Number of protein chains: 2
Amino acid sequence: MLRAAVALFIRKGYDATSIDDIAKSLNVTKSAVYHHVSSKEQLLAEVLDEALDELDSAVDAATRGTGPASERLRDVVRRSVEVLVAHQSAVTLLLRVHGNSDTEVAALRRRRRIDRALASLVNEAVEEGALRADLDPDVLSRLLFGMVNSLVEWYRPNGEISADQLASTVAALAFDGLVRA
Amino acid sequence: MLRAAVALFIRKGYDATSIDDIAKSLNVTKSAVYHHVSSKEQLLAEVLDEALDELDSAVDAATRGTGPASERLRDVVRRSVEVLVAHQSAVTLLLRVHGNSDTEVAALRRRRRIDRALASLVNEAVEEGALRADLDPDVLSRLLFGMVNSLVEWYRPNGEISADQLASTVAALAFDGLVRA
DNA sequence: GTCTATAGGAAGATAGAC
DNA sequence: GTCTATCTTCCTATAGAC
């Protein structure tokens, strides 16, 4: 039921998906759907919480870690990729939220906290001397996780690339760049 | 009029924005809006065409160029950043399109052509030997332009960073990576 | 070019039977 | 748990006056 809703939210967008669409995709009527959920917004809230909980735990592990910031950044990049792959639907919806309802505003708030924690980590790694200091660390952070997040738009788990390979590719590109060493 | 519509499409999403929302933001009535445009979808089509025309021309320049592919790739990354900054609203909407109407499907088709051209360029640059060959070129292309495209979600032209600086930062990160040289 | 008024339909959500 | 029927609200779009 949640799965059917999420699939439609992703394919058509949350606003363009009606409860009737969800019902039809399950071969039942709207009323049957409303027996299981109290509102369309609640469906969205559940999915967004799934994504935020996973991202929170990935970021918390990196923030609480003891090693060098650059190593913790590498870890959180890898773990983020794994979360995006394992919870792709939920994260995809999270990344598309604009703030149109209380649910969405709350999700955006949680997301901003995560983004700030990641930016702090990048700043730390630059101050440590492990990362280049000639570029604005906040911009680097945005670009780095913009790249990571973008994979929800094209990655397909059934293809040739495993989550592990993908995480390695992302980390290699982000840390060492496109140019042949 | 188009500007007002686009601002709302971005803030609330296309589907969540009604013609009445657009009218109110201009202090007129719905009917006044319909005097200027034939439908809400037509408004979207105009904006998407603006974005696609600009991106097409950036990609065409790189595709038709004669120099090494790696240099043309560098150029198209820079030019893409400039296009995203100069036409941020239009590109933002393009990147959010799902294919819910004929207009959106047509836009997605044009966008896929562009993505394929960029992927070809990355492949060429790898074959040339200028870019690392240990990572899948198609994945690299997706990640690279995923990073580039992600900037529409946070870049603000009135801030401290100029489009030129941003283009340099993106190119530096993409080609040389985060790690201190 | 802008207005009021309204047509026509689709949406979220509920009531109550089975 | 699922149905039919319905309420209410909102939406796109048009007609016709000024």
Side-chain angles (χ1 to χ4, degrees), chain A residues 1-52 89-90 92-108, chain B residues 1-51 89-90 92-94 96-108:
Chain A
M1 149 101 253
L2 193 67
R3 274 214 321 276
V6 169
L8 285 167
F9 289 168
I10 287 176
R11 178 144 34 97
K12 308 181 51 169
Y14 173 75
D15 290 300
T17 301
S18 69
I19 298 282
D20 203 39
D21 289 334
I22 300 168
K24 275 179 182 139
S25 88
L26 294 165
N27 281 314
V28 293
T29 60
K30 275 197 290 188
S31 302
V33 173
Y34 274 110
H35 180 77
H36 295 279
V37 301
S38 64
S39 71
K40 185 174 144 183
E41 201 173 327
Q42 186 217 314
L43 273 170
L44 181 63
E46 281 178 38
V47 185
L48 297 183
D49 277 336
E50 175 193 335
L52 286 161
S89 305
T92 302
L93 288 177
L94 175 64
L95 294 175
R96 290 183 185 170
V97 154
H98 299 315
N100 285 346
S101 62
D102 293 347
T103 300
E104 297 195 5
V105 170
L108 281 183
Chain B
M1 151 99 252
L2 192 69
R3 275 214 320 277
V6 170
L8 285 167
F9 289 167
I10 288 177
R11 177 143 35 97
K12 308 182 51 170
Y14 173 77
D15 291 300
T17 301
S18 68
I19 297 283
D20 202 40
D21 289 333
I22 299 168
K24 275 178 182 140
S25 88
L26 294 167
N27 281 314
V28 294
T29 60
K30 276 194 290 188
S31 302
V33 173
Y34 274 111
H35 180 77
H36 295 279
V37 301
S38 65
S39 73
K40 186 174 142 184
E41 201 174 327
Q42 185 217 316
L43 273 169
L44 181 63
E46 282 179 36
V47 184
L48 297 184
D49 277 336
E50 174 193 336
S89 304
T92 301
L93 288 176
L94 175 64
R96 290 184 184 168
V97 154
H98 297 317
N100 285 345
S101 60
D102 293 346
T103 301
E104 297 194 6
V105 170
L108 281 183

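In this text, all values refer to a predicted model and were calculated from it rather than measured experimentally. Side chains are part of it too, since the values below use all heavy atoms of this structure and drop only hydrogens, waters and symmetry mates. Chain letters run A, B, ... following the sequence lines, proteins first, then strands; residues in each count from 1.
- Rounded to the nearest 0.5 angstrom, B/His35 NE2 and B/Thr29 OG1 are separated by 11.5 Å.
- B/Phe9 is listed as a side-chain neighbour of B/Ile22, based on a closest heavy-atom distance under 4.5 Å.
- Closest non-hydrogen pair, B/Gly99 versus B/Glu104, comes out as N-OE1, 3.0 Å.
- Between A/Ile10 and A/Arg96 the shortest side-chain heavy-atom distance falls below 4.5 Å.
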Treat primed atoms plus P, OP1 and OP2 as sugar-phosphate and everything else as base, then score nucleotides 4-10 of chain C 5' to 3': B for base contact with protein heavy atoms under 4.0 Å, S for sugar-phosphate contact only, - for none. BB-----
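- With a cutoff of under 4.0 Å to any heavy atom of chain A, the contacted region of DNA chain D is bounded 5' to 3' by D/dG1 to D/dA5.
- Side-chain contact between A/His98 and A/Tyr14 is absent, with no heavy-atom pair separated by less than 4.5 Å.
- Separating the CD atom of A/Gln42 from the P atom of C/dG12 is a distance of 15 Å, rounded to the nearest angstrom.
- A distance of 8.5 Å separates CG of A/Asp21 from NZ of A/Lys40, quoted to the nearest 0.5 Å.
- Using a 4.5 Å heavy-atom threshold, the side chains of B/Val6 and B/Arg3 count as separate.
- Residues B/Lys12 and A/Asp15 fail the side-chain proximity criterion, which asks for heavy atoms closer than 4.5 Å.
- Each of A/Asp21 and A/Ser38 was assigned the nucleotide of DNA chain C with the nearest heavy atom; the assignment lying further toward the 5' end belongs to A/Asp21.
- Look at OH on A/Tyr34: it is 4 Å from P on C/dA13, rounded to the nearest Å.
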